Amino acid sequence: MKILRMASGTVAALAVVTTLAAVEPAAARDRLSPGAAAAIGVLGGLAVGGAIAASQSPVYAAPAPVYVAPPPPVYVEEAAPVYYAPPPRRAYVERCFTERYNEWVPGWGWEQRRRRICN
């Protein structure tokens, strides 16, 4: 937040200096060279920026911590012992597949047959 204020003040001062420098260039009757006029403009901008920065209210540190009472104690009853059930027995899984094979039938020829095989 402070950086934003400082930057906006600086931009405003630069805008004022640029506007004043562009409106009327330094003339011989002022007895100032263009470099001296630019230096006076920069110093004036710094002075205006310092005044803007000084007019801001001071920033204080965070407030002091506040004491908060601790929560009341919590009492837990003694629980009965916990027993775990034994793990389930392993299930027997029958894995079956169908096998195809050719068998010779006398007087007929080859015949395709299937049989189920389980492990």
Side-chain angles (χ1 to χ4, degrees):
M1 194 67 172
K2 284 172 45 175
I3 293 174
L4 183 62
R5 288 182 185 167
M6 182 184 217
S8 63
T10 305
V11 168
L14 285 175
V16 169
V17 169
T18 306
T19 305
L20 292 177
V23 170
E24 191 175 331
R29 61 181 162 83
D30 295 335
R31 293 187 181 181
L32 292 174
S33 67
I40 290 173
V42 169
L43 290 176
L46 289 174
V48 170
I52 291 172
S55 69
Q56 303 296 327
S57 61
V59 178
Y60 296 105
V66 178
Y67 175 76
V68 177
V74 177
Y75 299 102
V76 179
E77 290 184 17
E78 189 80 24
V82 177
Y83 297 102
Y84 294 99
R89 295 186 334 196
R90 292 185 64 161
Y92 176 72
V93 178
E94 210 175 89
R95 297 181 186 186
C96 300
F97 62 95
T98 304
E99 180 183 74
R100 293 183 181 163
Y101 63 97
N102 291 329
E103 185 174 328
W104 175 257
V105 179
W108 181 261
W110 292 99
E111 189 176 283
Q112 275 197 347
R113 299 210 175 172
R114 286 181 282 171
R115 67 176 161 201
R116 188 172 178 206
I117 298 176
C118 294
N119 293 337

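These numbers come from the heavy atoms of this one structure, side chains and all, not from hydrogens, waters or symmetry mates. Small disclaimer: the values here were computed from a predicted structure and weren't measured.
- Each salt bridge (Lys or Arg N to Asp or Glu O under 4.0 Å) pair with one or both residues in residues 71-91, not counting sequence neighbours, would appear here, but there are none.
- Residues passing the side chain to side chain contact (heavy atoms under 4.5 Å, CB included) test with Ala39: none are found, sequence neighbours excluded.
- Qualifying side-chain hydrogen bond (donor to acceptor under 3.5 Å, both in side chains) partners for Glu99, counting only residues two or more places apart in sequence or in other chains: Arg115.
- The ring pair (Phe, Tyr, Trp, His ring centres under 6.0 Å) contacts involving residues 71-99 comprise nothing, where partners must be two or more places apart or lie in separate chains.
- The hydrophobic cluster around Trp108 extends to Val105, counting ILVMFWY residues whose side-chain heavy atoms fall within less than 4.5 Å of a member.
- In this view, Glu111 and Arg113 satisfy the side-chain hydrogen bond (donor to acceptor under 3.5 Å, both in side chains) rule, not counting sequence neighbours.
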